[in-house]
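In what follows, a structure is listed as structure tokens, so that the remarks can point back to it.
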There are 2 protein chains.
Amino acid sequence: MNLQQSFYAQAPRHLVAVDCIIFGFEDSRLKLLIMQRMVDPFQGSFSLVGGFVLESESTADAATRVLQQVSGLRNIFMDQLHCYSDVNRDSGSRVISLAYYALIRVEEHDRKLAIQHGTQWLALDEIPELIFDHRKMIEDALFRLRDKAHFHPIGFELLPEKFTLSQLRSLYEEIYQRVLDKRNFRKKILAMNILEKLEEKDKTTSKKGAHLYRFDKQKYEQLAQKGFVFEI
Amino acid sequence: MNLQQSFYAQAPRHLVAVDCIIFGFEDSRLKLLIMQRMVDPFQGSFSLVGGFVLESESTADAATRVLQQVSGLRNIFMDQLHCYSDVNRDSGSRVISLAYYALIRVEEHDRKLAIQHGTQWLALDEIPELIFDHRKMIEDALFRLRDKAHFHPIGFELLPEKFTLSQLRSLYEEIYQRVLDKRNFRKKILAMNILEKLEEKDKTTSKKGAHLYRFDKQKYEQLAQKGFVFEI
DNA sequence: GCAAAAGTGTTCCAGATACACCCATGG
DNA sequence: CCATGGGTGTATCTGGAACACTTTTGC
């Protein structure tokens, strides 16, 4: 027990933080929740939202906590991205940071909390200079999002519960940054049999109105268990 | 500066470790370098090789250092896997661990160092119970290896510089755990034009002898830059 | 001469891609 | 009545999968 104590006791201890790359989809644009710090340190500078990992929580717990504080939302899709640990990455102190990316339905986001925390949704081309290595984190998160979205039905996490196929397609066009053929896209996604077609129509973007659909998660999970692989 | 100091000063500090999932390929089997601890704490129990992250190094630095200590090798292929941070994952103390997976050429591995560190190469089905969450780390690493190998030419990191197409195929059969058609495999890999066919033959496994090949990394990188995507 | 691994082509099928016109309706 | 986005089908191409026999040579 002495040995064991010294084994741990002699090791250095580190500040460990989480930083969250929070994606949203609004006005057919992929956006990120960016914070402008209203207090020191680094007052006025732009950054991702983040926080330190406490003694009593895992890094995922910490990220969940930070996400909830800043968005008011629970049960957010979230995935570990990468650990950033360059000794000098944080100019204030040596901090090891775990980046998580999250997908949020912008319309469910609490606007009051946004003002309170000094956060705003910015499209990818509107993002100003960020502190530390946060820009790199975003780039890595974009790659990961593309990768993940390719074979997993995570796009739905960014859309309202009910959405049109045009919305869905424009979401994937934003993610992949390329145009997708309308007919082929419909054919492919409908053939998967994981969307529930609703009676309702959305008439906000056309006179004719577009059918609304809902992602049927249960059906997807059933199919996935039988070996079905989502791909778009 | 006061504010900034307190901002960091109030945050808790953590022990941060790296654990390495080290893959090798020997006798047509995928193997892992497993350590049996010869000293306390946890004497006699099996684990991955690992160590604490020091103040002056990144987590990647730490993993590189540990790999070098245990294998004698530099310039090893290595990639961050995941951060494991459950509060109680380490029964000795709260330790946040970053897992890295690495690919090694077993025949270049220093056997003396292996004995010295109490490590051995074990096939996947020979691995005993491991401490903490190391088993889970291995499972995750296997998934990642399959994923990565699918679109990146990392298999060559596990083979000798010169190898036969049969060796290469049996490597991928091990990684994917399924048989690959001999003709289709040859067709596909040779069509990529990233292998250099040597005059030499390897006669250790057949009377006829099999041609040796070498991975042409430069050619691959040229092609990759032009948009070519390795896939096997 | 035979065992044992190396080496070699063709056919078939499924899924991806390319592509252009009619529909419904609010203004 | 017309502008606007919604909705639909077919032909072609490409890449993956299946599949069996000949070659070489050490023993």
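Below, chain A is the first sequence line, B the second, and so on; all start at residue 1.
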Would you say [N] has OP1 or OP2 under 4.0 Å from some side-chain N or O of [X]?
| X | N | value |
| --- | --- | --- |
| A/K188 | C/dA16 | yes |
| A/T205 | D/dG5 | no |
| A/R183 | C/dA18 | no |

Carboxylate-amine/guanidinium proximity below 4.0 Å for [X] and [Y]:
| X | Y | result |
| --- | --- | --- |
| B/K162 | B/D202 | no |
| B/R169 | B/E173 | yes |
| B/R144 | B/D140 | no |
| A/K136 | A/D86 | no |

Rounded to the nearest angstrom, tell me the gap between atom [atom1] in [X] and atom [atom2] in [N].
| X | N | atom1 | atom2 | value |
| --- | --- | --- | --- | --- |
| B/R186 | C/dG9 | CZ | P | 11 Å |
| B/Y176 | D/dA17 | OH | P | 12 Å |
| B/L180 | D/dG16 | CG | P | 13 Å |
| B/L168 | C/dA5 | CG | C1' | 17 Å |
| B/N184 | C/dC12 | CG | P | 16 Å |
| B/D181 | C/dT11 | CG | P | 16 Å |
| B/D202 | C/dA4 | CG | P | 18 Å |
| B/R178 | D/dA18 | CZ | P | 9 Å |

Looking at [options], which one has an atom nearest to any side-chain atom of [X]?
| X | options | answer |
| --- | --- | --- |
| A/A210 | D/dG16, D/dG6, C/dT17 | D/dG6 |
| A/K203 | C/dG26, D/dG9, D/dG26 | C/dG26 |
| A/K187 | D/dG9, D/dG6, C/dA6 | D/dG9 |

Looking only at N and O atoms, is any donor in the side chain of B/K201 or the base of D/dT24 less than 3.5 Å from an acceptor on the other one?
->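 Side chain to base: no pair present.
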With no angle test and no hydrogens, is the base of D/dT23 tied to the side chain of B/K208 by a donor-acceptor pair under 3.5 Å?
->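 For B/K208, whose side chain was compared with the base of D/dT23, there is a donor-acceptor pair (under 3.5 Å).
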For A/S166, report the nucleic acid contact type (base, sugar-phosphate, nothing); a contact means any heavy atom under 4.0 Å.
->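 Since only primed, P, OP1 and OP2 atoms lie under 4.0 Å of A/S166, the category is sugar-phosphate.
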Take A/H211 and B/K182, find for each the nucleotide of DNA chain D with the closest heavy atom, and name the residue whose nucleotide sits nearer the 5' end.
->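 Per heavy-atom nearest nucleotide, the more 5' residue is A/H211.
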Pick from A/K217, A/K219, A/Q225: which one makes a side chain to side chain contact (heavy atoms under 4.5 Å, CB included) with A/E221?
->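 Exactly one option meets the side chain to side chain contact (heavy atoms under 4.5 Å, CB included) with A/E221, and it is A/K217.
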